[in-house]
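Structure record follows, encoded as structure tokens.
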Amino acid sequence: MRTPMMAGNWKMYKTIPEALALVEGLKKNVADVKNREVLVCPPFCAIASVVAALKGTAIKVGAQNMHAETKGAFTGEISPSMLVDAGCSHVLIGHSERRQYFGETDELVNKKMKAAFAAGLVPVVCVGEILAEREAGKTLAVITVQIKNGISGLTAEQAKTLVIAYEPVWAIGTGKTATPAQAEEVHASIRALYAGMYGNDAAQAVRILYGGSVKPDNVADLMKQPNIDGGLVGGASLEIDSFTKLVAY
Ligand code: PGA
């Protein structure tokens, strides 16, 4: 009932020519994949070129970050409406690298999420624990705070449209994937928590992606879990072959 989503987070990789080479390959390979939503999130500079190259295909384009205000004197920042203007349909909010290196808090994540919806973008809000928190047995407590504070205040409709990504920080870019059971435990508790916040319909509709070293050889087992609705993929989304395999898992 929930359409699986495979999202590529290119991070700070790919010049415009490199980005275009990647999407040309993806267009050939995944154009006729059924029952999947495919999203690519290039760096800002490549967004408009990627949107133009993907015109007429079902592959969607998102940004990796945005500012929460619609306009203003915020040197170096990009507004939600600028992303819409460039052709984005989605935006990642609160990726752990934003939280870790750029000081983003749950409060800011909440502001950005609401600003994204207000502009007509679908936010993909990222949550996840660091290794010390997992080792201390605090994973579910940490995720609960991130969801309650970061994802509060949605309308019923927005609550169904939102995409959540669970990305354990210790699994990102490390090659150490969470086991399907570890991921499923967190995904199931996120869905239960969400049902408490927004009701059962929203909890059944919201897609919860797993991220953190998703690769062609582990995607199928992750996707077998009842509460895992897709992947947010860094490294393996940068190559035509590996991302094609992930989309077609
Ligand atoms: P990874 O990154 O797939 O390279 O671990 C995932 C992410 O940061 O979204």
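Numbers here simply count residues along the sequence, with the first being 1. Atoms considered below: every heavy atom in the structure, side chains included; atoms not considered: hydrogens, waters and symmetry mates. All ligand and atom numbering here is 1-based and tracks the order in the structure.
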* Asked: Taking NZ, NE, NH1 and NH2 as the nitrogens, is one of them in K138 or E133 under 4.0 Å from a carboxylate oxygen of the other?
  -> no

* Asked: Between G235 and ligand 1, is there a nitrogen or oxygen pair with a distance under 3.5 Å?
  -> yes

* Structure fact -> Value for SG (C126) from NE2 (H95), rounded to nearest 0.5 Å, stands at 5.5 Å

* To do: Step by step, work out the side-chain hydrogen bond (donor to acceptor under 3.5 Å, both in side chains) result for Q146 and D106.
  => CA-CA 6 Å; Q146 290 177 338; D106 291 331; 5.0 Å; no

* Asked: With under 30° as parallel and over 60° as perpendicular, where do the rings of Y210 and H187 fit, or are they tilted in between?
  -> tilted

* Asked: Which protein heavy atom lies closest to atom 7 (C) of ligand 1, and at what distance to 0.1 Å?
  -> E167 OE2, 3.2 Å

* Asked: So is H95 close enough to ligand 1, meaning a heavy atom under 4.0 angstrom away?
  -> yes

* To do: Measure from NZ or CZ of R191 to the centre of the six-membered ring of Y194 and say whether it is under 6.0 Å with the direction within 45° of the ring axis.
  => no

* Asked: Which of the numbered atoms in ligand 1 are below 4.0 angstrom from a heavy atom of G234?
  -> 1 (P), 2 (O), 3 (O), 4 (O), 6 (C)

* May I ask you to check if ligand 1 and K11 share an N or O to N or O distance below 3.5 Å? => yes

* Asked: Under 4.0 angstrom from ligand 1, any heavy atom of G212?
  -> yes

* Asked: How does I172 reach ligand 1, if at all, at less than 4.0 Å between non-hydrogen atoms: by side chain, backbone, both, or neither?
  -> both

* Assess G173 for proximity to ligand 1: is some non-hydrogen atom of it under 4.0 Å away? => yes

* **Those atoms of ligand 1 less than 4.0 Å from some heavy atom in A171** => 5 (O)

* To do: Kindly indicate, with the supporting measurements, whether the criterion side-chain hydrogen bond (donor to acceptor under 3.5 Å, both in side chains) is fulfilled by W170 and E129.
  => CA-CA 8 Å; W170 47 271; E129 81 286 3; 2.8 Å; yes

* Kindly work out whether a path of hydrophobic side-chain contacts (I/L/V/M/F/W/Y, heavy atoms less than 4.5 Å apart) joins L22 to V33. => yes

